[in-house]
Asks: 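Below is the structure I would like to discuss, written out as structure tokens.
These numbers come from a predicted model, not from an experiment. Every number for a ligand or one of its atoms is a count from 1 in the order of the listing.
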Amino acid sequence: MTRLTIAIPSKGRLQENTHDFFGRAGLKIQQPGGSRDYRGTIKGLDDVEIAFLSASEIARELAEGSVHFGITGLDLVHETIADPDRSVHIVTPLGFGPADVVVALPKAWIDVETMADLGDVASDFRNRHGRRLRVATKYVHLTRAFFARHGIADYRIVESAGATEGAPAAGSAELIVDITTTGSTLEANNLKVLRDGVILKSQAHLVASLSADWSVTALAAARTILDRVAAEETARGMRLVRAVVADPAKAFAEAARLGAELPYGTPAAGAALCLLCPKDAVPDCASLLIAHGAETASVETPDYIFRRTNPLFDPLAAKVDGR
Ligand SMILES: Nc1ncnc2c1ncn2[C@@H]1O[C@H](COP(=O)(O)OP(=O)(O)OP(=O)(O)O)[C@@H](O)[C@H]1O
Ligand SMILES: O=P(O)(O)OC[C@H]1O[C@H](OP(=O)(O)OP(=O)(O)O)[C@H](O)[C@@H]1O
Ligand SMILES: [Mg+2]
């Protein structure tokens with residue numbers, strides 16, 4: 001039976017946060033051969049194999065179906081995978097690795113502030129210089145699609161693997177499409193982003209391949225992992241609030257308006273009412289219980305909240321089954 005393979009970044013800026021993400025869910029990634037080993041495991045989960053790859057390789061392997069899950073940037077998913085809606089399923093954004101793919105050009109081009117301005121300049125440029133504007137980028141597909149959407153055809157792509165921001169100053173291109181987070185690399189190269197020049201807002205995502213071999217074993221392992229991930233995520237936003245009140249049903253009816261849940265039912269007379277309450281509503285919830293006669297309301301932080309329905313796993317299972 002095929003085991004579940006998860007590809008995670010082995011280097012670069014997504015690596016450390018990826019380990020933290022699994023760690024929060026109580027999943028410990030082990031790399032038996034040390035950092036040079038290409039394969040690893042998750043402690044206690046025999047049906048799972050970890051593949052350590054670069055962020056761009058991960059997008060490729062997801063497209064090929066040679067891994068079940070991968071963690072990579074949304075920019076790479078859209079750049080590398082021809083038809084992402086069909087070949088992969090986005091499980092969840094991960095809240096780290098934020099970066100925008102942008103169209104940028106020298107600040108000295110004061111008349112060009114928007115994609116429409118760029119369209120005008122592109123035609124002019126061709127007439128005047130007898131050659132097309134050059135765009136330096138490694139995001140070839142994203143650039144083509146975005147320029148086409150803005151009706152710009154008078155340009156040529158110059159593929160650039162690194163130091164793309166230096167291309168205009170070096171004279172190898174007039175403008176660039178690249179990724180930026182703080183903007184300091186653009187600034188250092190005297191470049192500005194067009195007002196409507198943000199092609200994609202990216203961050204790291206957990207992505208599932210729809211062409212992978214989803215054996216019963218692999219799917220069960222996916223459920224185990226996504227249960228833990230979802231349980232930790234849910235728990236992070238909730239608190240357990242406990243108090244003995246005069247009329248638990250009535251107290252809960254009011255607490256429900258604050259978003260509280262009654263996970264273990266209405267207590268018998270004299271026993272504590274136990275509520276799951278959104279973190280931000282805890283002080284109001286506690287005051288409400290005191291107003292309902294409680295002497296004490298105690299609040300605890302749950303580590304995990306497991307539920308029968310899993311918002312991360314269920315949509316994936318539906319897609320995999322439906323193939
Ligand atoms: N400021 C940033 N610059 C570049 N990438 C970023 C940034 N912030 C987040 N990322 C994300 O990290 C991904 C890859 O980053 P990084 O350049 O660290 O990987 P890498 O190990 O160099 O991979 P490769 O060798 O394939 O380029 C990007 O595609 C993007 O999704
Ligand atoms: O907006 P900023 O915060 O300045 O970040 C953007 C820069 O960081 C990335 O390069 P990276 O460091 O990954 O080097 P690489 O091109 O070798 O991958 C990216 O290609 C930009 O050059
Ligand atoms: Mg890089």
Asks: Taking distance alone, with no angle check, do D75 and ligand 1 share an N/O pair under 3.5 Å?
Replies: yes
Asks: Could you check whether K250 pairs with E254 (Lys NZ or Arg NE/NH1/NH2 to Asp/Glu carboxylate O, under 4.0 Å)?
Replies: no
Asks: Look at ligand 1 and say whether P9 reaches it with a heavy atom at a distance under 4.0 Å.
Replies: no
Asks: Apart from V245 itself, which Ile, Leu, Val, Met, Phe, Trp or Tyr residues share its cluster (side-chain heavy atoms under 4.5 Å, direct or through members)?
Replies: V241, F252, L258, L262, L273, L275, V282, L288, L289, V299
Asks: So which heavy atom on I152 is nearest to which on M115, and how close?
Replies: CD1-O, 3.5 Å
Asks: Please identify which atoms of ligand 2 are closer than 4.0 Å to at least one heavy atom of R13.
Replies: 8 (O), 9 (C), 10 (O), 11 (P), 12 (O), 13 (O)
Asks: What atoms in ligand 1 come closer than 4.0 Å to a heavy atom of S56?
Replies: 24 (P), 26 (O)
Asks: Are any of the N or O atoms of K11 closer than 3.5 Å to those of ligand 1?
Replies: yes
Asks: Give the atoms of ligand 2, by number and element, whose distance to some non-hydrogen atom of E165 is under 4.0 Å.
Replies: 21 (C), 22 (O)
Asks: Hey, is L14 touching ligand 1 through its side chain, its backbone, both or neither, going by heavy atoms under 4.0 Å?
Replies: side chain
Asks: Contact between ligand 2 and G162 is defined here as a heavy atom of the residue under 4.0 Å from a ligand atom; is it met?
Replies: no
Asks: Please determine whether a side-chain nitrogen of the Lys or Arg among R132 and D154 lies less than 4.0 Å from a carboxylate oxygen of the Asp or Glu.
Replies: no
Asks: Could you tell me which atoms of ligand 1, counted from 1 in the order shown, lie closer than 4.0 angstrom to a heavy atom of G97?
Replies: 9 (C)
Asks: Give a yes/no verdict on whether any heavy atom in E187 is under 4.0 Å from an atom of ligand 2.
Replies: no
Asks: G12 heavy atoms, cut-off 4.0 Å: which ligand 1 atoms fall inside?
Replies: 18 (O), 21 (O)
Asks: Mind telling me whether F52 and H19 have parallel, tilted or perpendicular rings, with 30° and 60° as the class edges?
Replies: parallel
Asks: Against heavy atoms of I179, which atoms of ligand 2 measure under 4.0 Å?
Replies: 6 (C), 19 (C), 20 (O), 21 (C)
Asks: Taking the basic N atoms (NZ, or NE/NH1/NH2) and the acidic carboxylate oxygens, is any pair closer than 4.0 Å for R24 and E233?
Replies: no
Asks: At less than 4.0 angstrom from any non-hydrogen atom of I179, what atoms of ligand 1 do you find?
Replies: 3 (N), 4 (C), 5 (N), 30 (C)
Asks: Counting each atom of ligand 1 from 1 as listed, which ones have a heavy atom of L76 under 4.0 Å away?
Replies: 29 (O)
Asks: Compare every heavy atom of I8 with every heavy atom of I58, then report the nearest pair and how far apart it is.
Replies: CD1-C, 3.4 Å
Asks: Do Y155 and F125 make a side-chain contact, defined as non-hydrogen atoms from C-beta onward lying under 4.5 Å apart?
Replies: no
Asks: Between R239 and E300 (salt bridge meaning N to carboxylate O under 4.0 Å), is one present in this structure?
Replies: no
Asks: Is there at least one pair of N or O atoms, one from E57 and one from ligand 1, spaced under 3.5 Å apart?
Replies: no
Asks: Going by the atom numbers of ligand 1, which of them fall below 4.0 Å from some non-hydrogen atom of A99?
Replies: 7 (C), 8 (N), 9 (C)
Asks: Could you tell me which atoms of ligand 1, counted from 1 in the order shown, lie closer than 4.0 angstrom to a heavy atom of A55?
Replies: 14 (C)
Asks: Report yes if A163 has an N/O atom closer than 3.5 Å to an N/O atom of ligand 2; otherwise report no.
Replies: no
Asks: Could you state whether Y139 and V103 fall into the same hydrophobic cluster, counting links through intermediate Ile, Leu, Val, Met, Phe, Trp or Tyr residues with side-chain heavy atoms under 4.5 angstrom apart?
Replies: yes
Asks: Could you see which bit of D178 sits under 4.0 Å from ligand 2, with heavy atoms only: side chain, backbone, both or neither?
Replies: side chain
Asks: Are R156 and E174 close enough for a salt bridge, meaning some N to O gap below 4.0 Å?
Replies: no
Asks: Taking only heavy atoms of P98, which atoms of ligand 1 are found under 4.0 Å from at least one of them?
Replies: 8 (N), 9 (C)
Asks: May I ask you to say whether R307 pairs ionically with E261, meaning some side-chain N is under 4.0 Å from a carboxylate O?
Replies: yes
